[in-house]
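Here the structure comes first, spelled out in structure tokens, and everything after it is commentary.
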Amino acid sequence: MKHSDKTFWKQYIANLQVDLAHAAYTKVERIWEDLDYTPILNKFYYIIEGEGFLTIDGQTYYPKPNELYLLPADGVQSYGTINDDTFGKYWCHFTAKIGELNLFQALETSRFIRIEQPEQWRNKFERLIDYSNSDKLTSRIHTNSVLLEIIADYIESCDKVKFNLKATPAFEKMNVVLQYIEAHLTDNLTVEELAQIAHFHPNYFIQLFKNFTGNSPIQYINRARLEKAKNLLTMTELNVSAIADAVGLEFSYFSRMFREHNGVSPTAYREFIPKD
DNA sequence: CAATAGCACGATCTTCCGTG
DNA sequence: CACGGAAGATCGTGCTATTG
């Protein structure tokens, strides 16, 4: 890499904003599985024990203990168990953005790294979990600081790092739309509405959107809604109807779609998969 | 309250072609 | 190549009824 490139990126990356959604240690259930979905959040999985599989953008992995996986947002992913010896892992969900751009969209890293100092990394995740559960005034600051540390150390441990920055006009418009979707999940979003924001004809917009995200608008929106619903199911006591409302869906439809995507009904999910 | 089936209708999506 | 538009197939969606 040329020197001028490096200084540019060094400066650009300094604008990184992170936000942690959840962090925990979980020994996953046998039914832990999700196929071909596109998450909004990035994830780290730090495998401590057990077996299972991960598929990221068509490539399947069988993570081993002491490997740390990065599952970037906006990539098609699957995961699941393969036998009764399920994963025990530290994990966290988070956003990492530079302006409107996802960090790991701008920066292509390895999918996983081998952990050489397990104590150190366990400690990072323990701190992350503690801070995220703390109600101290400064807990959010600590959380962000540990998360940034984890991200930075992860990137440093990758043998190859590639930079992608394609700032086409369509790219910019799509980013605005994605942001809009995130902010309006509760409302009745329509393709027409989204197309207007991007100043495109709906027919054409759908093509662009699918090209950009890998999903059609409605698919993308519903996946996002279900992710949010999962969080609400595990992190709150809200009843299922209220959660359906919160993600902008009519109850019977929500219930049906939830089962189609997750294999279990909302209540069953809440009971059997309390974390991730 | 929660889940699920069935149904009717409108919205979404694909395809293909037109224009500058 | 970037985009708009028509047309038709497909699918998403809300409603109602039924059951636990």
Side-chain angles (χ1 to χ4, degrees), chain A residues 29-41 57-58 73-78 80 99-101 105-106 164-276:
Chain A
E29 302 287 336
R30 184 69 173 88
I31 56 170
W32 180 72
E33 177 177 286
D34 206 340
L35 300 177
D36 293 330
Y37 75 110
T38 307
I40 293 182
L41 301 171
D57 286 329
D74 297 324
V76 181
Q77 298 169 9
S78 303
E100 300 310 320
L101 190 64
Q105 222 166 315
N164 296 322
L165 190 53
K166 32 184 179 171
T168 65
F171 178 90
E172 291 303 322
K173 288 183 181 177
M174 285 300 136
N175 262 321
V176 174
V177 171
L178 294 194
Q179 240 199 321
Y180 183 85
I181 290 175
E182 271 191 70
H184 296 267
L185 279 186
T186 306
D187 309 338
N188 288 337
L189 290 162
T190 65
V191 169
E192 180 104 32
E193 185 182 352
L194 298 178
Q196 266 175 29
I197 291 168
H199 305 288
F200 286 124
H201 186 97
N203 288 2
Y204 184 58
F205 171 77
I206 289 170
Q207 296 182 156
L208 282 186
F209 190 94
K210 192 159 187 183
N211 211 24
F212 185 70
T213 68
N215 284 304
S216 73
I218 292 297
Q219 274 177 358
Y220 180 95
I221 291 167
N222 283 337
R223 283 176 191 278
R225 284 173 165 155
L226 289 175
E227 293 244 336
K228 185 174 171 185
K230 281 189 192 177
N231 286 344
L232 291 173
L233 282 165
T234 57
M235 308 305 281
T236 74
E237 303 281 313
L238 292 172
N239 66 28
V240 179
S241 302
I243 291 176
D245 278 351
V247 298
L249 296 170
E250 193 263 344
F251 171 80
S252 73
Y253 180 48
F254 166 73
S255 176
R256 182 199 314 165
M257 190 159 62
F258 192 94
R259 174 176 267 290
E260 277 167 9
H261 280 252
N262 299 303
V264 293
S265 68
T267 303
Y269 181 88
R270 172 176 266 164
E271 282 165 8
F272 297 129
I273 315 183
K275 286 164 195 157
D276 195 18

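Computed from heavy atoms alone, side chains included, the values below leave out hydrogens, waters and symmetry copies. Quick note on labels: first sequence line is chain A, next is B, and so on, each numbered from 1. Given the structure is predicted, the values throughout are model-derived calculations rather than measurements.
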Nearest-0.5 Å distance that lies between atom [atom1] in [X] and atom [atom2] in [Y]:
X        : Y        : atom1 : atom2 : result
A/Asn262 : A/Glu227 : CG    : CD    : 9.0 Å
A/Leu233 : A/Lys228 : CG    : NZ    : 12.5 Å
A/Leu238 : A/Leu232 : CG    : CG    : 6.0 Å

Integer-rounded Å distance: [N] [atom2] and [X] [atom1]:
X        : N      : atom1 : atom2 : result
A/Gln196 : C/dC3  : CD    : P     : 17 Å
A/Asn188 : B/dG10 : CG    : C1'   : 14 Å
A/Asn262 : B/dA3  : CG    : P     : 12 Å
A/Met257 : B/dA5  : CE    : P     : 15 Å
A/Leu194 : B/dA11 : CG    : C1'   : 13 Å
A/Leu189 : B/dA11 : CG    : P     : 15 Å
A/Leu208 : C/dA2  : CG    : P     : 9 Å
A/Lys173 : C/dA2  : NZ    : C1'   : 10 Å

Side-chain contact, heavy-atom cut-off 4.5 Å: A/Asp187 with A/Glu193?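 In short, these two side chains do not touch, never coming nearer than 4.5 Å.
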Determine whether A/Phe209 and A/Lys173 make a side-chain contact, defined as any pair of heavy atoms from C-beta on separated by less than 4.5 Å. no
Between A/Arg225 and A/Phe205, which is nearer to the 5' end of DNA chain C once each is assigned its nearest nucleotide?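 Counting from the 5' end, the first nearest nucleotide belongs to A/Phe205.
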If only side-chain N and O atoms of [X] are considered, is one of them under 4.0 Å from the OP1 or OP2 phosphate oxygen of [N]?
X        : N      : answer
A/Asn222 : C/dT13 : yes
A/His201 : C/dC3  : no
A/Ser265 : B/dT4  : no
A/Ser241 : B/dA2  : yes

Could you note down all residue pairs passing side-chain hydrogen bond (donor to acceptor under 3.5 Å, both in side chains) where residues 194-209 of chain A supplies at least one of them, sequence neighbours left out?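 Not a single pair qualifies under side-chain hydrogen bond (donor to acceptor under 3.5 Å, both in side chains).
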Could you name each residue pair satisfying side-chain hydrogen bond (donor to acceptor under 3.5 Å, both in side chains) that touches residues 236-256 of chain A, not counting sequence neighbours? A/Glu250-A/Ser252
With sequence neighbours excluded, residues passing side-chain contact (heavy atoms from CB on, under 4.5 Å) with A/Asn231: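 Partners of A/Asn231 under the side-chain contact (heavy atoms from CB on, under 4.5 Å) test: A/His22.
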Among all residues two or more places apart in sequence or in another chain, which pass the ring pair (Phe, Tyr, Trp, His ring centres under 6.0 Å) test with A/Phe258? A/Phe254, A/Tyr269
For every nucleotide of nucleotides 15-20 of chain C, 5' to 3': is a protein heavy atom under 4.0 Å from its base (B), only from its sugar-phosphate (S), or from neither (-)? BB----
Sugar-phosphate means primed atoms, P, OP1 and OP2; the rest is base. With that split, encode nucleotides 13-20 of chain B 5' to 3' as B, S or - using protein heavy atoms under 4.0 Å. BBB-----
